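To keep things clear, I will list the structure first and then write my remarks on it.
Here the structure is a predicted model, which means the values were calculated and not measured.
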Amino acid sequence: MEENYKPLLVVLAIQCVYAVYFLLTKLAFDVGMNTFVFVFYRQAAASLFLLPIAFFLERKNAPPMSFSIFIKIFMLSLFGITMSLDVVGVALKYTSASLGAATSNTLPVITFFLAVLLRMEKLNIRTSPGIMKVGGVTLCIGGVATIAFYRGPFLKILLHHHLINNQLQQLQNHVPSANTWINGVFLLLLSNISWAFWLILQGRVLKVYPSKLLLTTMQCFLSTIQSFIVAIAVTRAPIEWQLGWNIKLLSIAYCGIVVTGFTFYLQAWVVEKKGPVFLAMTTPLILVFTIIISAFALGEIISFGSILGALLLVGGLYFVLWGKSREEEREKGGCQPLGDAEKACGGPKGERETTTQL
């Protein structure tokens, strides 16, 4: 029973880390940090943190790496990490931390359909678990649409008890225009498409290169090189690369060491144990954590649409997890007869092995 709770506890920690990530990243951009330079610095910090650990722990047990595996890891880093982080950085600069956390909830929908297309996830709408999963995804779509296109009245929760100074308070109180809001949603959706591919393809790469620590370290190192090329191409002014003992350095250290260093490794562990869709379906919790922290700690303005959308997203999360739980119970029951429409265990062995166990 304890083993069954470990993946859930790990994903809860992951989503809490990401909530703080959205807040610190937004603050760094608000005080003038260049988004592309920020991505390079955070990936460099993660690489410096992980390289010595990987060297001492995995140098004797490192699996062989062929050229084809290296190319797979390189492309995984480029499209899943570098591209995703650069796009989400631009989007966060012109929107809000809560919007970033809210649109990340499209990840379950994107990941689910990609996993179905790649035959890594089963979907049978003639079974009750299948209906629950579809219902959960529908609620997620409704929640994201509500957050993106419906604002409603704006709420200020404990605005006078924030932890940030007056200058940052004025920045947080700025409400983006409708066009900026929609453009931010579009960019964040693009980032999540890239992130969904990373979640799914990482599971396949782990099958041919099973060292999670080395895979995480390699991706961070390659992403550092890729993000540096992008940053130097668009940002030549030396002042844009300067750092000090301020929120910029704190954000880089947190994102590089905690988010990229620890969380990427934990995500790889969860994907290996429970599959990519299980991890993706817990992303609604990022929004819940972000709204709570940003409202009570930073005094950020929150719309009624965000609250309503969050409720729909969390409802969708539990519908899908309920469906997955019912599906697992049926499979563990020895594939007993469930009717012609539900004989999921009657297929060939090879077909069942392509399905991720969640």
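- Counting heavy atoms from C-beta outward, Phe319 and Lys133 have side chains that stay 4.5 Å or more apart.
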Next on the checklist: side chain to side chain contact (heavy atoms under 4.5 Å, CB included), that's the test. Do Leu187 and Val88 meet it? Break it down for me.
Outcome noted: CA-CA 7 Å; Leu187 289 175; Val88 77; over 6 Å; no
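- Here Tyr18 pairs with Gln267 under the side-chain hydrogen bond (donor to acceptor under 3.5 Å, both in side chains) rule; sequence neighbours left out.
- The side-chain heavy atoms of Pro7 and Val10, taken from C-beta on, include no pair separated by under 4.5 Å.
- Atom CG in Leu222 sits 11.5 Å away from atom CE in Met75 (nearest 0.5 Å).
- By the side-chain hydrogen bond (donor to acceptor under 3.5 Å, both in side chains) test, Thr82 pairs with Ser223, Gln226, sequence neighbours left out.
- Listed here is the closest heavy atom pair of Ala28 and Ser251: CB-OG, 3.7 Å.
- Side-chain contact, Ser191 with Ser84: a donor N or O sits under 3.5 Å from an acceptor N or O.
- Here CG of Leu114 is found 4.5 Å from CZ of Phe197. Values are rounded to the nearest 0.5 Å.
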Which side-chain N or O atoms in residues 139-147 pair as donor and acceptor under 3.5 Å with protein atoms at least two apart or in another chain?
{"unit_1": "Thr146", "atom_1": "OG1", "unit_2": "Gly142", "atom_2": "O", "d": "2.7"}

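- Partners of Thr138 under the side-chain hydrogen bond (donor to acceptor under 3.5 Å, both in side chains) rule, at least two apart in sequence or in another chain, do not exist in this structure.
- Residues Thr25 and Cys255 have side chains in contact (heavy-atom distance under 4.5 Å, counting atoms from C-beta outward).
- Every residue meeting the ring pair (Phe, Tyr, Trp, His ring centres under 6.0 Å) condition with Phe40, not counting sequence neighbours, appears here in chain and number order: Phe228, Trp241.
- Remark: Phe29 pairs with Phe38 by the ring pair (Phe, Tyr, Trp, His ring centres under 6.0 Å) rule, at least two apart or across chains.
- A heavy-atom distance below 4.5 Å is not found between the side chains of Lys72 and Tyr209.
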